[in-house]
Amino acid sequence: MKVIDGAKLREMIVGGAKNLENNKAMVDSLNVFPVPDGDTGTNMSLTMASAVREVENVASNDIDDIMNAYARGALKGARGNSGVILSQIIKGLSKVIVDAKALNTKVFAKAMNSATEIAYNAVTKPKEGTILTVIRYMSESSNLLATRYASFIEFFDALIKKGEEILAKTPDMLPVLKKAGVVDAGGRGLLCVFYGYLMILKGEEIPDAPEHSGEVGSDHAQENTFSGEIHDLDNIKYAYCTEYFIINIKKQATEEDIEKLRDKLMAIGDCVIVIGDLTLVKVHVHTNQPNKALMYALQLGEIDKIKIENMLEQNRQLMKKKEEEKKPLAMLSICAGDGMKNIFEDLMVDEIIEGGQTMNPSVDDILTAVNKINSDNIIILPNNKNIILAAEQAKELTDKKCFVVPTVNVPQGIAAAIAFDTDVSAEDNVEAMSEALSTVKYGQVTYAVRTTKIDGFALKEGDIIGLNDKHVIAKGKAVTDVAEGVIGKLIDDASEIITLYYGNGVGEEEANELTRHLEEKYPDFEIVAYYGGQPHYYYMISVE
């Protein structure tokens, strides 16, 4: 599809809104501030829902009518900073597309640039690492992509990849995101809309959100509510989040008067957004004088849909809720591989940092995760000897009481987590978890990256090798043979359990076949295989 007509454009708008609605709980869970403006995913979804309602009221399939309605509906329904910025992105898209003779990828690229310009202009002090950064990076990439791809499917696919690329970097641009360990919620919401566009173009069906969709994923969203810092009440400079529309604007009013309104609001507050034109203006401001904010608006026209929220009281309630949900003792684990992460989650570990042999987390990474957990007492499982020192350093830098159980591999970490008991003290837990480590013998199966001689083995690059914690103990050409060799070196008369964690290209069927073979060879052992998904190592092996 090289040209989009009005009917397809209408479908895309609805599809973008549906996909965002289906994912709003996930976007909400990325919020790092307990802002009174509402949750990012919910605000953006409600903004899109308003836009869709306006579009659905358009009788024709003329692109200009549809895009004007899209922009108008988004502005009407814009909620919170994220929703307002999304409405300005849509306004920028509309500004270009309504004047185009045909909507092709080059026109859409030009519209993306317009969207960026208008969105940035809507914010008094733009911050990088937000939805603004995502739309800017995508728009900067869109011009080149439009010259490469005439097909909208290929164009959007490449454009979304650029969006994902910059979204992943937002924690490095905004410290609060890095501290909370999340990407920007607004940027993720924007990409949800673009994914919806692409799904429609590909002919994929986007399901309607289930009834009471606001509750879907609410448990996950709730557990992340306190990911960021809760503001110190003394540090909230402006207490009242004030929003309203100005309608029926006076005939003598000018665009300059709208700019003057923005200046007046800047003098009495912050987070000022004043958008619109002489037909409709939307205002958002944090201030201690909402009466003045309303009085200034009355000089321009009539006020409609007023919303004033007390951020001090909302923050008190959030702090109270956090205190009520605080755990007496929590666990933090470090591992690599989605399967390993799932295992630790099943063992009720509260926070998991991605890291391991080739990607040791920094002290700051560990400290950030510690501060994120809603508990004053935290047991840290480093699961790698190269991470223990960083964990000890993080322990010294936090006001929380931390205990480092010196696990040197993931199976030790799993054994320690299994020994965790919520009914006993932190000190007793540390003792029991540390004792559990001594029951674990550990091996790995990987490959040699260079030709060398070590531990009595002459290795060639590419050889499959088996290791224990310190030495090479087996080598061969087949992964299963080496895994079996490692197990043979680890077991003794006291051993009862063999656990295989498979990753790095090993499939479930292959792991199950090895398990069956081991069951025949060691009939008195309990043998089980789990998906670990760990990089670099075909198997991590635990013998207990």
Side-chain angles (χ1 to χ4, degrees), residues 26 181 217 219-220 223 331-361 369 381-384 387 407-420 433 436-437 439-447 464-469 473-474 476 478-491 495-522 525-544:
M26 177 271 291
D219 289 343
H220 178 61
E223 72 184 30
M331 286 189 287
L332 165 65
S333 179
I334 299 162
C335 67
D338 52 347
M340 292 299 190
K341 181 175 182 289
N342 291 337
I343 290 169
F344 279 112
E345 287 177 344
D346 289 342
L347 292 172
M348 307 305 292
V349 170
D350 299 272
E351 190 66 31
I352 299 166
I353 304 174
E354 183 176 3
Q357 188 63 34
T358 59
M359 46 180 179
N360 298 162
L381 305 174
N383 301 332
N384 187 290
I387 301 175
T407 53
V408 298
N409 54 61
V410 170
Q412 279 193 349
I414 291 171
I418 290 172
F420 181 80
M433 294 168 80
L437 308 188
T439 67
V440 179
K441 293 182 179 180
Y442 174 64
Q444 301 163 302
V445 181
T446 184
Y447 55 91
I464 307 302
I465 56 176
L467 309 93
N468 60 15
D469 278 336
I473 58 175
V479 171
T480 53
D481 291 342
V482 175
E484 188 175 345
V486 170
I487 291 168
K489 296 286 180 67
L490 295 178
I491 62 173
S495 304
E496 298 177 343
I497 303 170
I498 299 171
T499 306
L500 307 173
Y501 301 96
Y502 60 94
N504 191 37
V506 176
E508 181 179 6
E509 185 176 342
E510 183 180 348
N512 288 338
E513 180 61 32
L514 175 58
T515 302
R516 286 190 290 269
H517 174 69
L518 292 171
E519 287 172 338
E520 293 175 2
K521 187 172 181 177
Y522 302 107
F525 280 72
E526 179 183 341
I527 303 170
V528 63
Y530 295 106
Y531 171 65
Q534 69 274 5
H536 310 299
Y537 295 92
Y538 302 113
Y539 286 101
M540 290 183 175
I541 300 168
S542 169
V543 173
E544 300 172 68

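Values reported hereafter were calculated over all heavy atoms of this structure, with side chains retained and with hydrogens, waters and symmetry mates removed.
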N/O donor to acceptor pairs below 3.5 angstrom from side-chain atoms of residues 340-348, sequence neighbours left out:
{"unit_1": "K341", "atom_1": "NZ", "unit_2": "E345", "atom_2": "OE2", "d": "2.6"}
{"unit_1": "N342", "atom_1": "ND2", "unit_2": "D338", "atom_2": "O", "d": "3.2"}

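Contact record, L381 with G413: CD1-O, 3.7 Å, taken as the closest heavy-atom pair. Heavy atoms only, all atoms of each residue included: I353 and A369 are closest at CD1-CB, 3.6 Å. For I387 against P382, the heavy-atom pair with the smallest separation is CD1-O, 3.8 Å. The minimum heavy-atom distance between I491 and Y522, with the atom names listed, is CD1-CE2, 3.3 Å. When every heavy atom of L500 is checked against every heavy atom of I541, the shortest pair comes out as CD2-CG1, 3.9 Å. Scanning all heavy atoms of the two residues, the minimum distance from A415 to A436 falls at O-CB, 3.9 Å.
Between atom OG1 of residue T515 and atom CD of residue E510 there is a gap of 10.5 Å, rounded to the nearest 0.5 Å. Residue I473 holds its CD1 atom at 4.5 Å from CG of N468, rounded to the nearest 0.5 Å. With rounding to the nearest 0.5 Å, the separation of CD1 in I498 from CD in E544 is 11.0 Å.
The side-chain contact (heavy atoms from CB on, under 4.5 Å) test applied to F420 returns L329, M331, I379, T422, N429, M433, not counting sequence neighbours. With sequence neighbours excluded, the residues satisfying side-chain contact (heavy atoms from CB on, under 4.5 Å) with E513 are R516. In this structure, the side-chain contact (heavy atoms from CB on, under 4.5 Å) partners of E526, at least two apart in sequence or on a different chain, are I497. Residues satisfying the ring pair (Phe, Tyr, Trp, His ring centres under 6.0 Å) test with Y442, not counting sequence neighbours, are none.
Surrounding CD of E519 are more than 12 heavy atoms belonging to other residues, nucleotides or ligands, all under 6.0 Å away.
Using a 4.5 Å cut-off on side-chain heavy atoms (C-beta onward), V486 and Y539 make no contact. Counting heavy atoms from C-beta on, the side chains of V506 and V445 never come closer than 4.5 Å. Residues Y501 and V410 form no side-chain contact, since every pair of their non-hydrogen atoms from C-beta on lies 4.5 Å or further apart. Between Y538 and I464, the closest side-chain pair of non-hydrogen atoms falls below 4.5 Å. Using a 4.5 Å cut-off on side-chain heavy atoms (C-beta onward), L490 and S495 make no contact. Using a 4.5 Å cut-off on side-chain heavy atoms (C-beta onward), Y502 and Y531 make contact. For the pair Y537/N504, no side-chain contact is recorded, criterion being any heavy-atom separation below 4.5 Å from C-beta on.
In this structure, T446 contributes its side chain and H536 its backbone to a donor-acceptor pair below 3.5 Å. Side-chain N or O atoms of Q412 include one that pairs as donor or acceptor with a backbone N or O of V408 at under 3.5 Å. The backbone N or O of N383 sits less than 3.5 Å from a side-chain atom of T407, completing a donor-acceptor pair.
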Go through it in stages, so that I can follow the logic: the residues are Y530 and T499, the test is side chain to side chain contact (heavy atoms under 4.5 Å, CB included), and I'd like the CA-CA distance, side-chain angles, deciding distance and then a yes or no. CA-CA 8 Å; Y530 295 106; T499 306; 3.7 Å; yes

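Among residues at least two apart or in separate chains, salt bridge (Lys or Arg N to Asp or Glu O under 4.0 Å) pairs with a member in residues 478-490 are E484-K521.
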